[in-house]
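Here is the structure we will look at.
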Amino acid sequence: MTTKLILETPPDFNFKTAVYSHGWSQLLPFELDTENWCLSYVFNGEKPVSVIIDENGGKIKIDVSAAQMDQKTEEKILRDVRHILRLDDDLSEFYHLTKNEKRLAWVAELNGGRLLRSPTVFEDLVKTLCTTNCSWSLTKSMVRNLVEKLGTESADGKRAFPTAEAMANVSEEFYRSEIRAGYRSPYFAQLAAKVANGNLNPETWLDSELPTKELKKEMKSVKGVGDYAAENLLKLVGRYDGLALDSFLRSEFYKRHNAGNECDDKQIISFYEKFGTWRGLAIWCDMTEKWH
DNA sequence: GCGTCCAGGTCTACC
DNA sequence: GGTAGACCTGGACGC
């Protein structure tokens with residue numbers, strides 16, 4: 001039994017470019033069906049709720065695997081889907097900056113630039129930690145282990161992303177032996193404990209009034225979060241000042257803009273300076289054009 | 001089958 | 001503030 005919900009989309013919204021914006025759609029509890037072009041997710045709540053999201057005729061359709069829902073749950077699902085697809089982001093200034101750039105004209109044409117995110121900053125933070133210093137396959141493996149071993153099951157047998165409380169209830173050793181997180185294990189244990197006991201609330205980063213430099217400093221106070229991780233998180237809360245340079249972006253930049261030769265990060269930063277506070281989104285779109 | 005390298009980096013110690 | 005070395009894991013690669 002499913003319940004259908006509908007969301008209106010802004011005119012400059014493109015479901016596929018949002019879903020394919022980066023690797024998040026490959027990380028549980030997201031699951032992407034590229035044949036039917038729909039995205040599944042399992043939302044946390046009193047009881048986890050599994051949904052299938054797709055687009056038809058300029059509207060987002062949400063099939064919820066629940067026979068009955070109270071109004072509060074329905075409103076939360078609608079709010080969360082708006083959040084993960086970034087339906088309320090205003091990218092008009094970014095499109096204005098990029099539409100006359102040869103390599104970036106596609107962004108405004110395809111209504112790109114909306115980076116898929118999780119319903120909570122906590123989930124994005126944990127997933128970002130899973131991307132550091134490892135292959136993408138290991139990132140997927142760690143996230144899968146977190147969901148399958150610590151996530152709560154929904155009615156249809158899928159699992160939600162673990163809450164901070166669930167993650168705080170297991171030991172550092174659990175992260176090593178079961179999640180296969182290696183040296184990141186103490187980072188996960190410490191982070192979960194801080195969030196669960198109220199000493200850290202990453203959700204406040206969404207509408208923080210701190211200048212980006214200060215907010216980045218706060219993010220980096222989390223063990224395991226360095227420049228790349230903090231700048232990636234900043235992009236996910238809507239601030240694109242930092243490039244979030246990692247080995248992928250560097251190697252792509254060398255290929256596309258430096259004849260395959262390595263160069264200093266300062267040269268990359270200088271290259272995107274003209275995009276101002278949008279530079280982090282500009283480099284990401286520049287390096288991922290072929291995905292679209 | 002085995003060893004080495006390195007991937008969507010960060011931390012700590014040291015200068 | 002800048003740099004060297006250590007750090008888990010697992011897939012790719014060469015032999």
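All chains are named by letter (A, B, ...) in the order of the sequence lines, taking the proteins before the strands, and each is independently numbered beginning at 1.
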Would you find a donor on one side and an acceptor on the other, under 3.5 Å apart, between the side chain of A:Thr2 and the backbone of A:Asp63?
no

Does the A:Asn232 side chain pair with the main chain of A:Tyr228, one donor and one acceptor, at a distance under 3.5 Å?
no

Can you tell me if A:Lys217 has over 12 outside heavy atoms packed within less than 6.0 Å of its NZ?
no

Are any non-hydrogen side-chain atoms of A:Thr277 and A:Tyr240 less than 4.5 angstrom apart?
no

Quote, to the nearest angstrom, the P distance that separates B:dC5 from C:dA6.
14 Å

What is the first contacted nucleotide of DNA chain C and what is the last, in 5' to 3' order, if contact means an atom lying under 4.0 angstrom from a heavy atom of chain A?
C:dC7 to C:dG11

Does anything in residues 207-216 of chain A pair up under salt bridge (Lys or Arg N to Asp or Glu O under 4.0 Å), and if so which pairs, sequence neighbours excluded?
A:Lys216-A:Asp227, A:Lys216-A:Glu231

Between the main-chain N or O of A:Ile269 and the side-chain N or O of A:Arg279, is there a donor-acceptor pair closer than 3.5 Å?
no

Range on DNA chain B touched by chain A, heavy atoms, distance below 4.0 Å
B:dA7 to B:dT12

Applying side chain to side chain donor-acceptor pair (under 3.5 Å), name anything that partners A:Ser135, two or more places apart in sequence or on another chain.
A:Ser137

Could you work out, with ring-ring contact (aromatic ring centres under 6.0 Å, His included) as the rule, every residue matching A:His292, not counting sequence neighbours?
A:Trp106

Do A:Tyr41 and A:Asp80 have a side chain donor and acceptor closer than 3.5 Å?
no

Provide the distance between the two C1' atoms, one in B:dA7 and one in C:dC8, to the nearest whole Å.
12 Å

Kindly indicate whether the side chain of A:Ile53, heavy atoms from C-beta on, has any atom under 4.5 Å from the side chain of A:Phe15.
yes

Can you confirm whether A:Thr17 sits close enough to A:Arg114 that some side-chain heavy atom of one is under 4.5 Å from a side-chain heavy atom of the other?
no

Can you confirm whether or not the ring centre of A:Trp284 sits under 6.0 Å from the ring centre of A:Phe248?
yes

Please map the stems of DNA chain C, keeping only stretches of three or more Watson-Crick or G-U wobble pairs with both distances under 3.5 angstrom.
B:1-7 with C:9-15, B:9-15 with C:1-7

Do NZ/NE/NH1/NH2 and the carboxylate oxygens of A:Arg79 and A:Glu75 come within less than 4.0 Å?
no

Euclidean distance for P, B:dC11 against C:dG10 (whole angstrom):
22 Å

Between B:dG8 and C:dT3, how many Å separate the two P atoms, rounded to a whole number?
24 Å

When you check the gap from the basic side-chain N to the acidic O, do A:Glu8 and A:Lys59 get nearer than 4.0 Å?
yes

Gap in Å between the two P atoms, one belonging to B:dT10 and one to C:dG11, rounded:
23 Å

Across all chains, not counting sequence neighbours, the ring-ring contact (aromatic ring centres under 6.0 Å, His included) partners of A:Tyr20 are A:Trp37

How about A:Lys76: does its NZ atom have over 12 heavy atoms from other parts shown lying under 6.0 Å from it?
yes

Ion pair check, A:Asp286 and A:Arg103, cut-off under 4.0 Å
yes

Quick one: are the ring centres of A:Phe271 and A:Phe253 less than 6.0 Å apart?
yes

For residues 270-292 of chain A, which residues have at least one heavy atom under 4.0 Å from DNA chain B?
none

Any residue of residues 223-249 of chain A with a heavy atom less than 4.0 Å from an atom of DNA chain B:
A:Lys223, A:Gly224, A:Val225, A:Gly226, A:Asp227, A:Tyr228, A:Ala229, A:Asp246, A:Ser247, A:Phe248

For DNA chain B, the residues among residues 176-193 of chain A that have a non-hydrogen atom under 4.0 Å from it:
A:Tyr183, A:Tyr187

So which atom in A:Gly113 and which in A:Cys285 form the shortest heavy-atom distance, rounded to 0.1 Å?
CA-SG, 4.1 Å

If you link ILVMFWY side chains whenever their heavy atoms are less than 4.5 Å apart, which other residues fall into the same cluster as A:Tyr187? By chain and number, please.
A:Tyr183

By a strict heavy-atom criterion of less than 4.0 Å, which residues belonging to residues 125-145 of chain A are in contact with DNA chain B?
A:Thr131, A:Thr132, A:Asn133, A:Cys134, A:Ser135, A:Trp136

